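Everything quoted here is computed from the prediction, not taken from an experiment.
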Amino acid sequence: MGEILRIPFLNLKQINEPYMEGLKEAACKVVQSGWYIRGKQCEEFEKEFSEYCGVKYAVGVGNGLDALTLMLRGYMELGRLQKGDQVIVPANTYIATILSITAVGLEPVLVEPKANTSNLDDTLLEGACSEKTKAILAVHLYGRLANMAEICNFAKKHGLYVFEDAAQAHGARSSLGKAGSLGNAGAFSFYPTKNLGALGDGGLVTTSDEELAKIVRILANYGSEKKYENLYQGVNSRLDEMQAALLLKKLPMLNKVNERRRYVATRYLSEIKNPLIELPEGTNDESNVWHVFVVHCEKRDELREYLTSKGVGTLVFYPIPPHLQCAYKGKLNHGPLPVTEKLALTNLAIPMHQLLTDEEISFVIGVLNEFAC
């Protein structure tokens with residue numbers, strides 16, 4: 001294949017380089033303003049992101065986990081959910097999704113994903129639903145929208161709330177709308193590796209429910225709406241001015257970022273031909289923003305070692321699913337989870353970002369096609 005390229009899984013310095021002048025300008029503006037928490041930058045970002053997602057309200061919070069937790073707790077404080085209510089959730093999600101459910105006293109019910117999409121298998125919803133089920137928390141894993149049409153139809157039929165874990169799906173859209181607008185509320189993370197990433201932690205709740213938006217904002221500010229008057233036992237979780245200002249500079253480029261990622265995915269899907277490597281389902285429209293590109297291989301560890309030897313960085317996404325983690329082992333509601341456990345043992349994410357060159361893409365494809373075991 002000629003000279004070996006060195007292609008890291010992700011280089012955040014490289015990712016942020018195209019925004020550098022704007023980020024410097026934004027940072028200086030915040031420092032000079034003298035206002036660093038819940039100021040004009042946060043207000044503007046909330047406004048622009050809510051418009052981008054197609055919802056009425058957005059509330060910036062400290063991180064993605066807090067966004068999930070406060071979204072659910074808001075529904076509890078409003079009396080729509082009660083402690084002990086069950087929430088259907090995909091079993092192969094990142095543990096933050098489960099942590100948010102148990103943190104507020106709700107019970108997660110783990111449901112298998114579809115092997116070819118890694119998203120919640122909506123055909124299993126009926127069997128997971130009980131009298132205690134009150135909500136579905138859909139996860140748009142790896143940047144691919146869950147099957148929200150079927151999930152929402154099922155929820156409507158059974159009188160369930162629908163929440164979105166959209167932490168990896170900034171800008172993903174279907175005919176129903178964009179991620180964050182497809183259920184009762186959505187939660188986003190702006191962790192630096194995301195398609196829209198801050199330079200630190202950050203999160204946000206989207207909704208068109210005015211009551212929920214108001215109570216999430218209060219809960220995230222020590223439970224206070226008016227200084228020194230606390231309506232709830234709240235927390236300190238606010239998207240600070242610096243991160244909001246930086247995100248404002250990056251948001252206008254998000255669609256182009258996602259478009260380029262789809263281009264990379266198109267090449268991977270059409271040119272990786274190794275029978276030992278299973279590719280994700282070929283759907284490559286706007287419903288997938290390819291936060292990561294995950295392949296599956298029965299000899300995953302050997303494949304990873306081979307790619308490393310050739311200079312290609314990789315990452316295993318969630319090698320231990322939540323139900324097998326020490327924190328939750330024997331404590332979660334689920335039946336057998338063979339699909340979840342197999343995906344954990346076989347998944348491998350290969351380089352996927354908007355700055356990959358055609359030469360680098362070709363090199364990754366060539367290395368994958370040469371793998372033999």
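- When atom types are taken as modelled, the side chain of Ser270 and the backbone of Thr266 share a donor-acceptor pair closer than 3.5 angstrom.
- Using modelled atom types and a 3.5 Å distance limit, the side chains of Ser362 and Arg267 yield a donor-acceptor pair.
- When all heavy atoms are compared, the tightest approach of Ala58 to Leu204 is CB-CD2, 3.7 Å.
- Between Ala166 and Gly180 the shortest heavy-atom distance is CB-N, 4.4 Å.
- Aromatic ring orientation, Phe317 versus Phe9: tilted (interplanar angle from 30° to 60°).
- Expressed to the nearest 0.5 Å, how far CD1 of Ile88 lies from CG of Asp122 amounts to 11.5 Å.
- A donor-acceptor contact shorter than 3.5 Å is absent between the side chain of Glu281 and the backbone of Thr117.
- With hydrogens and angles disregarded, a donor-acceptor distance shorter than 3.5 Å links the side chain of His353 to the backbone of Leu355.
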| When you look at Asp285 and Ser287, which way does the side chain to side chain donor-acceptor pair (under 3.5 Å) test go after all the steps? | CA-CA 5 Å; Asp285 55 23; Ser287 67; 2.4 Å; yes
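- In this structure the side chain of Val289 never reaches within 4.5 angstrom of the side chain of Arg261, judged on heavy atoms.
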| task | I would like to know whether Arg262 and Asn288 meet side chain to side chain donor-acceptor pair (under 3.5 Å); could you show each step before the answer? | result | CA-CA 8 Å; Arg262 279 190 286 270; Asn288 198 334; over 6 Å; no
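- Other residues, nucleotides and ligands place more than 12 heavy atoms under 6.0 Å from the CD atom of Glu302.
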| request: Check the pair Arg80, Glu211 against side chain to side chain contact (heavy atoms under 4.5 Å, CB included), reporting the backbone distance first and the verdict last. | output: CA-CA 12 Å; Arg80 301 173 188 175; Glu211 285 186 306; 2.8 Å; yes
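- Side-chain contact check for Pro351 versus Val264: every heavy-atom pair is 4.5 Å or farther apart.
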| task | Step by step, work out the salt bridge (charged side-chain N to carboxylate O under 4.0 Å, His left out) result for Arg73 and Glu77. | result | CA-CA 6 Å; Arg73 188 176 166 196; Glu77 296 290 357; 3.0 Å; yes
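- With rounding to the nearest 0.5 angstrom, the CE atom of Met148 is 5.0 Å from the NE2 atom of His140.
- The closest side-chain donor-acceptor pair between Ser224 and Asn230, if any, does not fall under 3.5 angstrom.
- Residues His323 and Tyr328 place their aromatic rings such that the two centres sit no closer than 6.0 Å.
- The main-chain N or O of Tyr268 is never found under 3.5 Å from a side-chain atom of Glu271 such that the two would form a donor-acceptor pair.
- With a 4.5 Å cut-off on side-chain heavy atoms, Leu125 and Leu120 count as touching.
- Taking CZ from Phe163 and OG from Ser100, the interatomic distance works out to 10.0 Å, rounded to the nearest 0.5 Å.
- Without hydrogens or angle criteria, Asn369 side chain to Lys273 main chain gives a donor-acceptor distance under 3.5 Å.
- To the nearest 0.5 angstrom, Leu106 atom CG is 9.5 Å from Lys83 atom NZ.
- Here the side chains of Tyr161 and Val87 are not in contact, with every heavy-atom distance at 4.5 Å or above.
- Of the possible donor and acceptor atoms, one in the side chain of Gln325 sits under 3.5 Å from a partner among the backbone N and O of Ile320.
- Linking Ile, Leu, Val, Met, Phe, Trp and Tyr residues whenever their side-chain heavy atoms come within less than 4.5 Å places Val61 and Val235 in a single cluster.
- By the 4.5 Å heavy-atom criterion applied to side chains, Leu343 and Ser118 are counted as neighbours.
- Residues Tyr75 and Val216 fall within the same hydrophobic cluster, defined by Ile, Leu, Val, Met, Phe, Trp and Tyr side chains chained together at heavy-atom separations under 4.5 Å.
- Within 6.0 Å of the OH atom in Tyr94, the count of heavy atoms belonging to other residues, nucleotides or ligands does not exceed 12.
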| message | If you apply the rule side chain to side chain contact (heavy atoms under 4.5 Å, CB included), what do you find for Val162 with Leu137, and how did you get there? | response | CA-CA 6 Å; Val162 176; Leu137 178 45; over 6 Å; no
| message | salt bridge (charged side-chain N to carboxylate O under 4.0 Å, His left out) for Lys331 and Glu107? Distances and angles first, verdict last. | response | CA-CA 10 Å; Lys331 300 176 183 178; Glu107 181 184 359; over 6 Å; no
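- A side-chain donor from one of Tyr263 and Asp358 sits under 3.5 Å from a side-chain acceptor of the other.
- Of the possible polar contacts, none joining the Asn221 side chain to the Gly223 backbone as a donor-acceptor pair under 3.5 Å is found.
- There is a path of hydrophobic side-chain contacts, each under 4.5 Å, that joins Leu70 to Val89.
- Side-chain N/O atoms of Asn236 and Tyr222 include a donor and acceptor closer than 3.5 Å.
- Using a 4.5 Å cut-off on side-chain heavy atoms (C-beta onward), Pro108 and Leu332 make contact.
- Among residue pairs with one or both ends in residues 25-54, those qualifying as side chain to side chain donor-acceptor pair (under 3.5 Å) are Glu46-Arg217, Lys47-Glu51, Tyr52-Asn255; sequence neighbours excluded.
- Gln86 and Ser130 form a side-chain donor-acceptor contact under 3.5 Å, judged by distance and modelled atom types alone.
- Using a 3.5 Å distance cut-off with no hydrogens or angles, the side chains of Thr123 and Asp121 do pair a donor with an acceptor.
- Side-chain contact, Lys250 with Asn16: a donor N or O sits under 3.5 Å from an acceptor N or O.
- Annotation: side chain of Asn274 is not in contact with side chain of Leu368 (no heavy-atom distance under 4.5 Å).
- Side-chain contact annotation: Asn195 with Asn258, donor-acceptor N/O pair under 3.5 Å present.
- For an aromatic pair to be called close, the ring centres must be under 6.0 Å apart, and Phe49 with Phe190 satisfies this.
- In this structure, the side chain of Thr346 engages the main chain of Lys342 through a donor-acceptor pair within 3.5 Å.
- Checked by atom type and distance alone, the side chain of Glu241 pairs as donor or acceptor with a backbone atom of Cys42 at under 3.5 Å.
- Hydrophobic clustering, with ILVMFWY side chains joined whenever heavy atoms are under 4.5 angstrom apart, keeps Ile15 apart from Ile7.
- Linking ILVMFWY residues whenever their side-chain heavy atoms come closer than 4.5 Å, directly or via other members, leaves Ile101 and Ile151 in distinct clusters.
- The CG atom of Leu303 sits 5.0 Å away from the CZ atom of Phe371 when rounded to the nearest 0.5 Å.
- For Arg304 against Leu315, the heavy-atom pair with the smallest separation is NH2-CA, 3.8 Å.
- The backbone N or O of Leu141 sits less than 3.5 Å from a side-chain atom of Asn119, completing a donor-acceptor pair.
- A 4.5 Å side-chain heavy-atom check between Arg300 and Glu305 finds every atom pair outside the cut-off.
- Of all non-hydrogen atoms in Gly64 and Ser189, the two that sit nearest each other are CA-CB, 3.7 Å.
- The side-chain tip of Lys249 does not point at the ring of Tyr19 from less than 6.0 angstrom away and within 45° of straight on.
- The CD atom of Gln168 lies 12.0 Å from the OH atom of Tyr191; values are rounded to the nearest 0.5 Å.
- Minimum interatomic distance between Pro90 and Val139 (heavy atoms only, all atoms of both residues): CG-CG2, 3.5 Å.
- A donor-acceptor pair shorter than 3.5 Å can be found between the side chains of Glu112 and Thr340.
- Nearest heavy atom pair, residue Val55 against residue Ser208, reads CA-OG, 3.5 Å.
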